**Student:** 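The following block contains the structure, expressed as structure tokens.
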Amino acid sequence: MSTPERYHAREIEARWQGEWEREGVFRTRTHDARPKYYVLEMFPYPSGRIHMGHVRNYTMGDVVARYKRAKGFNVLHPMGWDAFGMPAENAAMQNKVHPREWTYSNIAYMRGQLKQMGLAIDWEREIATCDVDYYHQQQRLFLDFYKAGLVSRKTAKVNWDPVDQTVLANEQVIDGKGWRSGAPVEQRELTQWFFRISDFSEELLAALDHLPRWPEKVRLMQKNWIGRSEGLRLRFELTGTAPHGSNELEVFTTRPDTLFGASFLAVAADHPLALAAAERDPELKAFVDECRRLGTSAVAIETAEKKGYELGLRARHPFHAETTLPIYVANFILMDYGTGAIFGCPAHDQRDLDFARAYRLPVKPVVLPPHTDPNTFAIGDEAYTGPGTIYNSSFLDGLSIEDAKDIVASRLEHHALRGTPQAERQVNYRLRDWGISRQRYWGCPIPMIHCERCGTVPVPQRDLPVELPADVSFDRPGNPLDRHPTWTKVDCPECGAPARRETDTMDTFVDSSWYFARFTAPRATAPTELDAVDHWLPVDQYIGGVEHAILHLLYSRFFVRAMKVTGHIRLEEPFAGLFTQGMVTHETYKDAKGGWLFPEEVVLRDGVAVHAQTGDPVSIGPIESMSKSKKNVVDPTAIISEYGADTARWFMLSDTPPERDMQWTEAGVEGAHRFVQRTWRMIQDVAADLRTVKEGDGSGSEAEALTKAMHRTLHAVERDIEDLGFNRAVARIYEYTNTLQRVIPQGASDPAIAPALKRALRYLVVMIAPMMPHLAEECWSLLGNRGLVAETDWPTVNPAMLVDSTVTLPVQINGKKRAEIVVDRDASSDDIEAAVLALEDVRKHLGGAAPKKVIVVPQRIVNVVA
RNA sequence: GCGGGCGUGGUGGAAUUGGUAGACACGCUGGAUUUAGGUUCCAGUGGCGCAAGCCGUGGGGGUUCAAAUCCCUCCGCCCGCACCA
């Protein structure tokens, strides 16, 4: 045999990509008779180059897009860029390049990389969130939200880096210090813009139940994030007047049933009561300041001891005025949840118990666990939070927890304290309003103007867009917009007096909260075109990383609701189907000095890993998700130029279920590449023989078996792709290819088989097309087909071909397989039983005795119980 | 701490949802061809056993004619949230 010819992926892939582009195959029109299907992968941040995670993500989406197109859908599959954000400003500071240039040149490069993957994308719809046109429309949305009362302005605490003069995200605070400057981070009160997402708490929560095609895990995470809890807001009367001028204190509790176990009240360090008291008590002031500093890092909170400061005030028990409780300022109370004040019941809350033990407060159990003796039950180091019966609680004694909650609420609701009910039932949410102000340049300007006379005034729509000025410098810390000489100066739209522009820009999560809607009419002169957006949304299949399970997806769900309120869309849920893919991982390597090494620097010599150049020993570390810092990265472009996009795509889909992390290995890529070569060679070898053959059923059992295998594979692959079980679809195709390769040596020249073989090969090509589109086009044309596979319909499965007239049943004796039997597909249970009992193997095992029982599951199994 | 998920050969993983465990792939072993090698092709490959056979889905127990799948319990790993009253 001569050296087999090889498939030259590079040239062939470029050729077909050119062909698709020339034919405009993936251009999508909104008006089309076919049913719509919108598949979307989370758009990338233009960091500079694509990484393997992108390859995995976009391959999956592309399989769905191409498959659905073949199934007769009008598919929308667009691509864009999440292009605002800090890395561009960091690059500007480090490399003296303007964020705009940096971003757009990254986009150009990455677009080229994505095109090399051969994605079925309508590139005419491409958008970048930093395009003036895009953020112009986003400013319109902001103003409409503002008019609709969905935007508010309030003060909020932020992490402030005093050296860089900037606000830091929580992730940028490391050990209480700014990640860049290393300076201790301060908590500052800044006035900021907020979207009133909390107005939608209940709705966002309730609607989760109507998202069946979302992973359970993500729905749960969102549910916990929204954090609904039902409780009671109740006012305690104070024995005197508090420093802030009130003589009562309002607390929130979810456990009103434990009211008789209360031994103290506590307020947050930021509570008005605490702040007022601190004014005249330096010691308390020091304590309050200490609590604030603690607030910065999550680690500190974890390890912090429960600490408090007694105010010297007392509160009356609502049901027993003679009993008074001490009031503390405590470090574990959060100002922004509930009322920022609690009553503490140490016996039934761990935090309250820790606090009570530290300050020697009474611990009185009021919930008795089932089957427990009230005389001996005592609380040790652990609070009891389980079920039980109320006791030690006056009129609540003997009630269940639920009933007691209800009784307490009812009584206090109807009991007036200074003319208003003492308590009110309340539902509380953990979800807080979404602060969108960022003190940065590279983002969407917030279209507001501050006028000394008129206050905050929205920019009139005719003055939009508020465009980012190009002439900015990054040689100093802080927001360049803030110190811009002319851009900030503007006349007040209401009174005409000199005023100042808002210099904050929007959180980049705003940009990504509606891009999926913009894709439906990307050049519209309004944020959306109602016809288009209502036609295409919701996204039928959204695919991306689980790291966006909460924020991005929740914000988008809010945004669509807000857009509905403001008339930009008519539905509420953006994503009907969601799939969260796993990450791409790789082994890590270190040299003797502990420095990380790139995979290409490491080779195996005699089974030992050594440095490719120096030959020094290399230690193989754990498999981790690819990251630049650990150097365990593989460049997609290098892979594509060596093996071709189809190989990379096929490997991405093989073996590992898409929701799990997959390990990238050289051996795996080579395996995938071998299959590309094998498939091409197989078709290349028979193409000439089959050229004059007409497709058909052929004749004889072999042709029939082949046709059956074909329909079965088609059926299975269809189901697997619909379920996004790409690894299973791949396995089916391997199996089918193996079958074809067994048939070919005789079949290609046998007139009884060749027609069926030719058809079977054509079906193979159609089936691999969503996954390896270039190889498929090449094979398609080798087999003498006209047109493009990309424009070919998915064949219809013939259900008759999925069943055999006979079936092979395993025969078990006492649950162990001992024989097999071939019976008619619709043989009766009685007939099967008789046939089984006549089997030599069965008789042998029964040893002449009659079976106790015979279980026949038609078309499945037979079990003889001896 | 709370919530969720997972555990199957040397490896990634299949298993029609209670019905032949290990499909498919990687790796490995042997052979053929060509060769300088890779490539390609054929055969084998869960463990023990010469064999009939026995054992086997993290450990233990249970339900069932039948369990990777359902129940109880223990162990291990992973993810999310975290002082939310």
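What you see below is based on every heavy atom in this structure, not just the backbone, and it leaves out hydrogens, waters and symmetry mates. Residue numbers start from 1 in every chain, and the chains themselves are labelled A, B, ... in the order their sequence lines are given, proteins ahead of strands. The shown structure was predicted, so the numbers you read here are calculated from the model rather than taken from an experiment.
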**Student:** Listed by chain and number, what are the ring-ring contact (aromatic ring centres under 6.0 Å, His included) partners of A/Phe675, not counting sequence neighbours?
**Tutor:**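 A/Trp650, A/Tyr734.
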
**Student:** How is A/Asn738 classified with respect to the nucleic acid when contacts are heavy atoms under 4.0 Å: base, sugar-phosphate, or nothing?
**Tutor:**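 Touches sugar-phosphate only.
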
**Student:** Looking only at atom P, what distance separates B/C71 and B/U63, rounded to whole Å?
**Tutor:**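 Roughly 15 Å separates the two P atoms.
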
**Student:** Using a cut-off of less than 4.0 Å, is there contact between a side-chain N or O of A/Arg674 and OP1 or OP2 of B/G27?
**Tutor:**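 So the side chain of A/Arg674 is within the cut-off, an N or O lying under 4.0 Å from OP1 or OP2 of B/G27.
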
**Student:** Could you pick out which residue, A/Glu659 or A/Val864, lies toward the 5' side of RNA chain B when each is mapped onto its nearest nucleotide?
**Tutor:**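 Its nucleotide being nearer the 5' end, the pick is A/Glu659.
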
**Student:** Of the listed nucleotides (B/A82, B/A14, B/C83), which one gets closest to any side-chain atom of A/Pro657?
**Tutor:**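 Among B/A82, B/A14, B/C83, the one nearest the side chain of A/Pro657 is B/A14.
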
**Student:** Taking O4'-C1'-N9-C4 for purines and O4'-C1'-N1-C2 for pyrimidines, is B/U17 syn (within 90° of 0) or anti?
**Tutor:**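 In terms of base orientation relative to the sugar, B/U17 is syn.
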
**Student:** Look up atom CG in A/Asn632 and atom CD in A/Glu587, then write down how far apart they are to the nearest 0.5 Å.
**Tutor:**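 Spacing of CG (A/Asn632) from CD (A/Glu587) equals 9.5 Å.
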
**Student:** Heavy atoms from C-beta onward define the side chain here; which of B/C83, B/A85, B/G12 lies closest to that of A/Asp655?
**Tutor:**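 Closest nucleotide among those given: B/G12.
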
**Student:** Base, sugar-phosphate or nothing for A/Tyr734? Non-hydrogen atoms, less than 4.0 Å.
**Tutor:**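 Sugar-phosphate contact only - A/Tyr734 comes under 4.0 Å of backbone atoms but never of a base.
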
**Student:** Expressed in whole Å, how much space separates the C1' atoms belonging to B/A66 and B/U20?
**Tutor:**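 That atom pair is separated by 12 Å.
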
**Student:** Measuring only the P atom in each nucleotide, how far is B/G56 from B/U69? A whole number of Å is fine.
**Tutor:**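 Approximately 13 Å lies between the P atom of B/G56 and that of B/U69.
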
**Student:** OP1 or OP2 of B/A23 versus the side-chain N and O atoms of A/Asn727: is any pair under 4.0 Å?
**Tutor:**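 So the side chain of A/Asn727 is outside the cut-off, no N or O lying under 4.0 Å from OP1 or OP2 of B/A23.
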
**Student:** Can you give each donor-acceptor pair under 3.5 Å made by side-chain atoms of residues 214-222 of chain A, sequence neighbours left out, with the distance rounded to 0.1 Å?
**Tutor:**
| from | atom 1 | to | atom 2 | distance (Å) |
| --- | --- | --- | --- | --- |
| A/Trp214 | NE1 | A/Phe575 | O | 2.7 |
| A/Glu216 | OE1 | A/Arg219 | NH2 | 2.9 |
| A/Gln222 | OE1 | A/Arg557 | NH1 | 2.9 |
| A/Gln222 | NE2 | A/Ala549 | O | 3.0 |

**Student:** Counting the atoms with a prime plus P, OP1 and OP2 as sugar-phosphate, which does A/Asp354 contact under 4.0 Å by heavy atoms, base, sugar-phosphate, or nothing?
**Tutor:**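 Result for A/Asp354 = nothing.
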
**Student:** With a 3.5 Å distance limit and no angle check, can you tell me whether A/Arg233 reaches the backbone of A/Phe252 through a side-chain donor-acceptor pair?
**Tutor:**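 Checking the backbone N and O of A/Phe252 against the side chain of A/Arg233, no donor-acceptor pair under 3.5 Å is found.
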
**Student:** Between B/C70 and B/C6, how far apart are the P atoms? Round to whole Å, please.
**Tutor:**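 Those two atoms are separated by 9 Å.
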
**Student:** Work out how far the C1' atom of B/G47 is from that of B/C42, and round it to whole angstrom.
**Tutor:**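 It works out to 26 Å between them.
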
**Student:** How far, in whole Å, is B/C79 from B/G44 if one measures between their P atoms?
**Tutor:**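 My reading of the P atoms in B/G44 and B/C79 gives 42 Å.
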
**Student:** Tell me, please, which residues at least two apart from A/Glu424 pass salt bridge (charged side-chain N to carboxylate O under 4.0 Å, His left out).
**Tutor:**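 Once residues adjacent in sequence are excluded, A/Glu424 has no partner under the salt bridge (charged side-chain N to carboxylate O under 4.0 Å, His left out) criterion.
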
**Student:** Check residues 855-866 of chain A and write down every donor-acceptor pair under 3.5 Å in which the side-chain atom is one partner and the other belongs to a residue at least two apart or another chain.
**Tutor:**
| from | atom 1 | to | atom 2 | distance (Å) |
| --- | --- | --- | --- | --- |
| A/Gln859 | OE1 | A/Arg825 | NH1 | 3.2 |
| A/Gln859 | OE1 | A/Arg825 | NH2 | 3.1 |
| A/Asn863 | OD1 | A/Gly815 | N | 3.1 |

**Student:** How long is the straight-line distance from CE of A/Met335 back to NE2 of A/His271, given to the nearest 0.5 Å?
**Tutor:**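 Answer rounded to 0.5 Å: 5.0 Å.
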
**Student:** Given A/Phe264, which of A/Phe355, A/Tyr359, A/Phe343 fulfils the ring-ring contact (aromatic ring centres under 6.0 Å, His included) condition?
**Tutor:**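 Only match with A/Phe264 under ring-ring contact (aromatic ring centres under 6.0 Å, His included): A/Phe355.
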
**Student:** Does either side chain, that of A/Asp433 or that of A/Ser198, offer a donor lying less than 3.5 Å from an acceptor on the other one?
**Tutor:**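 Looking only at side-chain atoms, A/Ser198 and A/Asp433 do form a donor-acceptor pair, the distance falling under 3.5 Å.
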
**Student:** With respect to the side chain of A/Ala731, which nucleotide from B/C54, B/C83, B/C24 is positioned closest?
**Tutor:**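 Looking only at heavy atoms from C-beta outward on A/Ala731, the closest nucleotide is B/C24.
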
**Student:** In terms of the nearest nucleotide of RNA chain B, which residue is placed more toward the 5' end: A/Asn814 or A/Asp349?
**Tutor:**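 Per heavy-atom nearest nucleotide, the more 5' residue is A/Asn814.
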
**Student:** For the residue pair A/Leu205 and A/Leu431, establish whether any side-chain heavy-atom pair is separated by less than 4.5 Å.
**Tutor:**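 Side-chain contact under 4.5 Å: no.
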
**Student:** What is the separation between atom CD on A/Gln741 and atom C1' on B/U40, rounded to the nearest whole Å?
**Tutor:**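 So the CD-C1' distance, A/Gln741 to B/U40, works out to 11 Å.
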
**Student:** Which part of the nucleic acid does A/Arg228 contact within heavy-atom distance under 4.0 Å: base, sugar-phosphate only, or nothing?
**Tutor:**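 Nothing, no nucleic acid heavy atom in range.
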
**Student:** Using the side chain to side chain contact (heavy atoms under 4.5 Å, CB included) criterion, which residues pair with A/Ala356? Sequence neighbours excluded.
**Tutor:**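 Testing A/Ala356 for side chain to side chain contact (heavy atoms under 4.5 Å, CB included), a comparison that skips the adjacent residues, returns A/Pro346, A/Leu361, A/Val363.
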
**Student:** With 3.5 Å as the limit, what N/O pairs link the protein to nucleotides 3-10 of chain B?
**Tutor:**
none

**Student:** Anything below 3.5 Å on both distances counts as a pair; with that, list the stems of at least three consecutive Watson-Crick or G-U pairs involving RNA chain B.
**Tutor:**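 Listed by first number, the stems are B:1-7 with B:75-81, B:10-12 with B:24-26, B:27-32 with B:40-45, B:46-48 with B:53-55, B:58-62 with B:70-74.
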
**Student:** With a 3.5 Å cut-off and just heavy-atom distances, do the side chain of A/Lys852 and the base of B/C65 make a donor-acceptor pair?
**Tutor:**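 Check fails, no donor-acceptor contact within cut-off.
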
**Student:** Categorize A/Thr656 for me: base, sugar-phosphate, or nothing, with a 4.0 angstrom heavy-atom threshold over every strand shown.
**Tutor:**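 A/Thr656: backbone/sugar contact only, no base atoms under 4.0 Å.
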
**Student:** I'd like the C1' distance from B/G60 over to B/G7, given in whole Å.
**Tutor:**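 That atom pair is separated by 16 Å.
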
**Student:** Quantified in whole Å, what is the C1' atom distance between nucleotide B/U39 and nucleotide B/C55?
**Tutor:**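 B/U39 and B/C55 have their C1' atoms separated by 41 Å.
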
**Student:** List in chain and number order the residues that pass salt bridge (charged side-chain N to carboxylate O under 4.0 Å, His left out) with A/Asp336, two or more places apart in sequence or in another chain; answer none if no residue qualifies.
**Tutor:**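 Scan of A/Asp336 (salt bridge (charged side-chain N to carboxylate O under 4.0 Å, His left out), adjacent residues dropped) gives A/Arg432.
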
**Student:** Just label B/G9 as syn or anti from its O4'-C1'-N9-C4 or O4'-C1'-N1-C2 angle, using within 90° of 0 for syn.
**Tutor:**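 Classified syn.
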
**Student:** Between B/G27, B/G80, B/A85, which one does the side chain of A/Ala667 approach most closely?
**Tutor:**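 Among the listed nucleotides, the one closest to the side chain of A/Ala667 is B/G27.
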
**Student:** Report yes if a side-chain nitrogen or oxygen of A/Ser229 is closer than 4.0 Å to either non-bridging phosphate oxygen (OP1 or OP2) of B/A85; otherwise report no.
**Tutor:**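 For B/A85, OP1 or OP2 has a side-chain N or O of A/Ser229 closer than 4.0 Å.
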
**Student:** Give a yes/no answer on whether the side chain of A/Arg728 brings an N or O atom under 4.0 Å of OP1 or OP2 in B/A15.
**Tutor:**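 A/Arg728 to B/A15 OP1/OP2: side-chain N or O found under 4.0 Å.
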
**Student:** Using a 4.5 Å cut-off on heavy atoms from C-beta on, say whether the side chain of A/Leu204 contacts that of A/Tyr429.
**Tutor:**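 No, their side chains stay 4.5 Å or more apart.
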
**Student:** List for me each residue that meets salt bridge (charged side-chain N to carboxylate O under 4.0 Å, His left out) alongside A/Asp354, sequence neighbours excluded, and say none if there are none.
**Tutor:**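 With sequence neighbours excluded, A/Asp354 shows a salt bridge (charged side-chain N to carboxylate O under 4.0 Å, His left out) to no residue whatsoever.
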
**Student:** Please classify the nucleic acid contact of A/Lys816 as base, sugar-phosphate, or nothing, using heavy-atom distances under 4.0 Å.
**Tutor:**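 Answer is sugar-phosphate: A/Lys816 comes under 4.0 Å of backbone atoms only.
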
**Student:** Quick test: give all pairs of protein nitrogen or oxygen and nucleotides 19-21 of chain B nitrogen or oxygen below 3.5 Å, distance rounded to 0.1 Å.
**Tutor:**
| from | atom 1 | to | atom 2 | distance (Å) |
| --- | --- | --- | --- | --- |
| B/U20 | O2 | A/Lys817 | NZ | 2.8 |

**Student:** Taking only residues two or more places apart in sequence, or in another chain, which ones meet A/Asp406 in a salt bridge (charged side-chain N to carboxylate O under 4.0 Å, His left out)?
**Tutor:**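 Partners of A/Asp406 under the salt bridge (charged side-chain N to carboxylate O under 4.0 Å, His left out) test: A/Arg425.
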
**Student:** B/A85, B/C41, B/C81: which one has an atom nearest the side-chain heavy atoms of A/Phe252?
**Tutor:**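 Nearest nucleotide to the side chain: B/A85.
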
**Student:** I'd like to check A/Val584 versus A/Met652 (side-chain heavy atoms, cut-off strictly below 4.5 Å). Are they in contact?
**Tutor:**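 Yes, their side chains come closer than 4.5 Å.
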
**Student:** To the nearest 0.5 Å, how far apart are CD in A/Glu230 and NZ in A/Lys405?
**Tutor:**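 Here the rounded value is 8.5 Å.
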
**Student:** Output a table of nitrogen or oxygen pairs between the protein and nucleotides 70-73 of chain B separated by less than 3.5 Å.
**Tutor:**
none

